[in-house]
Amino acid sequence: MTSLPSNARVVIIGGGIVGCSTAYHLGKLGWTDIVLLEKHKLTSGSTFHAAGLVGQLRSNANITQLLKYSVELYDTLEQDTGLATGWKMNGGLRLACNKERMIEIERQATTAHSFGLEMQMLSPREARDLWPLMDISDVVGAAFLPTDGQANPSDITQALSKGARMNGVKIVEECSVTGIQVRDGRVTGVSSDLGDIDCDIVVNCGGQWARELGQMAGVNVPLCPVEHQYMVTEPIDGVTRDLPTLRDPDRLTYFKEEVGGLVMGGYEQNPIPWAKDGIPEGFNFSLLESNWDHFEQLMEQALERVPALENAGVRTLTNGPESFTPDGNFIMGEAPEVQNFFVGAGFNAFGIAAGGGAGKALAEWIVGGEPSLDLWPVDIRRFGVHHRDAQWVRTRTLELYGKHYTIGWPHEEHKSARPTRTSALYERLKENGGCFGEKMGWERPNWFAPDGVAAEDEYSFGRQNWFDHVGAEHEATRERVTVFDQSSFAKFLVSGPDAEQALSWICANDISKASGTLTYTQMLNSRGGIECDLTVARLAEDKFYIVTGTGYRIHDFDWIRRNLKEGLDVTLEDITDTHCTLSLMGPKARDVFSQVTDADVSNDAFAFGSSQEIYIAGAPTKALRVTYVGELGWELHFPIEHALEVYEALMQAGEPYGIGNAGYRAIESLRLEKGYRAWASDIGPDYSPLEAGMAWAVKMKTNTPFIGREAIAAQKEEGLKKRLACFTIDDPDVVLMGRETIYRNGERVGWLSSGGWGYTVEMNIGYGYVRNEDGVSLEYLKEGTYELDVATKRIPCTIQFGALVDPAMERVKC
Ligand SMILES: Cc1cc2nc3c(=O)[nH]c(=O)nc-3n(C[C@H](O)[C@H](O)[C@H](O)COP(=O)(O)OP(=O)(O)OC[C@H]3O[C@@H](n4cnc5c(N)ncnc54)[C@H](O)[C@@H]3O)c2cc1C
């Protein structure tokens, strides 16, 4: 088929594994008016030269789920299409060569069990039994995932494209997309060298070309092509067809069997970016020149692991560019800039493993108008303005590539491309010992080093060097008063005569209260899942001020914008960059606050859950009586040019009360004790407020319609199948960090969504959903005996009901 239709419902750009998988799954969902355009031949981008390892385990349950689905699909695709995929489930081995790596793979094994994947811990000898050619003199232990495997990338892609065609999808090769039409913020068609197609939806599956394709529509796809090499040997004695894939992260290398020989590749720490000035014309079915000098560092490591390589003949050294991203995860979803423009790209050298599941998820997102499950780690809306800068993206991407096989430390911060955004108080906080982390490009104080202590993280799997210092900030907040610089909070204004009506439809809680009221609310999807979790302050009859998390700025703005009903007189503005936020928290907060403002800040005049516009040190300030740490306090929002004056005024007034700075790690331990949920871990699109224990924040008692209302009503009727619960472990030597498996009466029932240490209660605290198909009532929770699996060891724990730090609530409310 070479002639081009003049219109189609969906145009998919790119005939690699991801484009073909998306087409296949759209066809399966009954959408057949679809055209896939490939500028050269199918597979001619990155797909044809992939090594073909298919690993499944990721740090997020749903992304692991997608990869598990890929395996199921590759296993059955031949039956469906008659074309073989080369899939074999020969398992995957992962080695550990030091104590810390061993802890990492033990924690990964626990994560695998949490997500329903079998992963066995092996001794070095047991590992060698599976992979006899390897030297194990430096191996401490290993883990084996029996359902991992390998496949032939081109064959899978051809099978998917055949399956798509069988379902009516048109595939046109040798057709290059040259332009994308957008009208009123919505896609209307594409131009190509064979002609134009009018369409409702465009899907950009352009691999490393996806950035350029995105630019045609004004959409940012932050990825960067990087050179990636692997070597293929002649047959080697002892390499059998059933040899598992092998990952040797301490030696930065991976291996797989190929026609009796080995494929060996790796992730060097000095990667080489490619095509900085754009991908050359005609780069299809093309490779880069083999770079033996650069590959030598990996070769040296591999020879020590597999001495037989010494005498093996080398067939090729493949150097193929692949698109990598600044956080190591791929990019999916509907672009916030343009409606009906979808992206599935940036697969970081696991596009074969992810292709099957990613195509399915993308197809479901297109058909359903929203993702069918929480895909936040790969959602295109996780990127911000700074991700438009190609240099920034390249710098951070290269750091992430180099870290592919380094140990993933808890609380690890990236080093490159920093600082990018600093609050007006950055220098002052740095002088005061601030140790900064980065989120959405912002430098934010994680903790403060006292005099004589270096403001630097030292990573380990145990208690890290900042542990006691964060404990001191935690205590200062519980006992006295502290200031948190939260200027990176995203802030929106919703105004106009129909502002209340618009927000009432989007918010699950009742925001139609008097001016000066604050409402904590979620915004739900049609499944009743929590899309946004934020605070809405009514400033006036026709004006609402919304505060949400730093990382969710683009996502939440997009969610609100796309759900504003047509015809309403309402304006949505993002004022993040003009406003600074300082949070004054602790039992002495009122004493300090009363000295810096003429406003009456007594409980009667300024109650919990209210807001006022006041002045502090000459700064017009929105003061919000709210807390995320479980203490009396106010969030103070004011124009950025007043930052230093307001900060100094608070510090001066607070001196007699022992005021101090506190950072984000203290916020985390404080909120864990108080039981406040965190979006993207404890709550998100897969969890409803009922399941998260927040039914009180949903306006079911009113008759007001809102998005997700029917789903919540149905859930109330049917009962819950999962419920968020709090678990504690007293032993201070245990370290909880999330993903630990929850066992109830010896049965696996879920995993921790977050975990950490509570300094006031002196306990490890973890939150996680307990799941049961037959229902999870409060009685069911109470009746169980619980254990948490931490790095493959089962540890008894206590289930807790209610906030762990309760006395603080009295202080909060009065
Ligand atoms: C050396 C190497 C080894 C790898 N090993 C593995 C592995 O072991 N396991 C694994 O899971 N992954 C591996 N990968 C990664 C994997 O190859 C990729 O993630 C995957 O192929 C990406 O597929 P894609 O469909 O997104 O992109 P591509 O395969 O690049 O497809 C994009 C397509 O878009 C087309 N296109 C671009 N612009 C236009 C236009 N204007 N009009 C029409 N068409 C256009 C291109 O021609 C191309 O065919 C490896 C990659 C490399 C480089």
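Ligands are counted one by one from 1 in listed order, and the atoms in each one are counted from 1 as well.
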Does [X] reach ligand 1 with a nitrogen or oxygen that is under 3.5 Å from one of the ligand's nitrogen or oxygen atoms?
{"X": "L213", "answer": "no"}
{"X": "A354", "answer": "no"}
{"X": "E322", "answer": "yes"}
{"X": "A349", "answer": "yes"}
{"X": "F347", "answer": "no"}
{"X": "G52", "answer": "yes"}
{"X": "I352", "answer": "yes"}
{"X": "E38", "answer": "yes"}
{"X": "T318", "answer": "no"}
{"X": "T47", "answer": "yes"}

Would you confirm whether H113, through its side chain, and A109, through its main-chain N or O, come within 3.5 Å as a donor-acceptor pair?
-> yes
Check: [X]/[Y] side-chain N/O donor and acceptor closer than 3.5 Å:
{"X": "N90", "Y": "Q150", "result": "yes"}
{"X": "S416", "Y": "R396", "result": "yes"}
{"X": "D250", "Y": "Q301", "result": "no"}
{"X": "S323", "Y": "Q208", "result": "no"}
{"X": "Q181", "Y": "S191", "result": "yes"}

[atom] [closest protein heavy-atom partner, distance rounded to 0.1 Å]:
{"atom": "atom 5 (N) of ligand 1", "answer": "A51 N, 2.9 Å"}
{"atom": "atom 9 (N) of ligand 1", "answer": "L53 O, 2.9 Å"}
{"atom": "atom 25 (O) of ligand 1", "answer": "V18 N, 3.1 Å"}
{"atom": "atom 34 (O) of ligand 1", "answer": "G14 CA, 3.2 Å"}
{"atom": "atom 42 (N) of ligand 1", "answer": "V177 N, 2.9 Å"}
{"atom": "atom 27 (O) of ligand 1", "answer": "G207 CA, 3.5 Å"}
{"atom": "atom 30 (O) of ligand 1", "answer": "S46 N, 2.8 Å"}

What do you reckon, are the aromatic ring centroids of [X] and [Y] less than 6.0 Å apart?
{"X": "F324", "Y": "W274", "answer": "no"}
{"X": "F350", "Y": "F330", "answer": "yes"}
{"X": "H228", "Y": "Y267", "answer": "yes"}
{"X": "H40", "Y": "F48", "answer": "no"}

Of H228, K39, H49, E212, which has the heavy atom at the shortest distance from atom 53 (C) of ligand 1?
-> H49
From the candidates A50, A353, A358, the one that places a heavy atom nearest atom 17 (O) of ligand 1 = A50
Steps toward side-chain hydrogen bond (donor to acceptor under 3.5 Å, both in side chains) verdict (D80, Y24) = CA-CA 11 Å; D80 196 15; Y24 172 86; 2.4 Å; yes
Does NZ or CZ of K360 fall inside the cone over Y69's six-membered ring, less than 6.0 Å from its centre and within 45° of the axis?
-> yes
Cation-pi, W31 ring and R9 (6.0 angstrom, 45 degrees) = yes
Ligand-side contact atoms (ligand 1) for residue partner [X], heavy atom cut-off under 4.0 Å:
{"X": "P321", "result": "53 (C)"}
{"X": "W209", "result": "30 (O), 37 (C), 38 (N), 46 (C), 48 (C)"}
{"X": "F350", "result": "10 (C), 11 (O), 12 (N)"}
{"X": "I13", "result": "40 (C), 42 (N), 43 (C), 44 (N)"}
{"X": "G320", "result": "53 (C)"}
{"X": "I17", "result": "23 (O), 25 (O)"}

Is there a heavy atom of [X] sitting under 4.0 angstrom from any atom of ligand 1?
{"X": "P153", "answer": "no"}
{"X": "L37", "answer": "yes"}
{"X": "C20", "answer": "no"}

Under-4.0 Å heavy-atom contact with ligand 1, by part of [X] that carries it:
{"X": "T178", "answer": "neither"}
{"X": "A345", "answer": "neither"}
{"X": "Y230", "answer": "side chain"}

Step through the shown structure and confirm whether more than 12 heavy atoms of other residues, nucleotides or ligands are within 6.0 Å of CG on D237.
-> no
Are K403 and E412 ion-paired here, with the side-chain N under 4.0 Å from a carboxylate O?
-> yes
Pair K39 + D193: basic N to acidic O under 4.0 Å = no
For a side chain to side chain donor-acceptor pair (under 3.5 Å) with N319, tell me which candidate from E227, E289, H294 qualifies.
-> E227
Given the rule in the side-chain hydrogen bond (donor to acceptor under 3.5 Å, both in side chains) test, do T147 and Q56 qualify, once you have shown the distances and angles that lead to the verdict?
-> CA-CA 8 Å; T147 54; Q56 301 165 87; 3.0 Å; yes
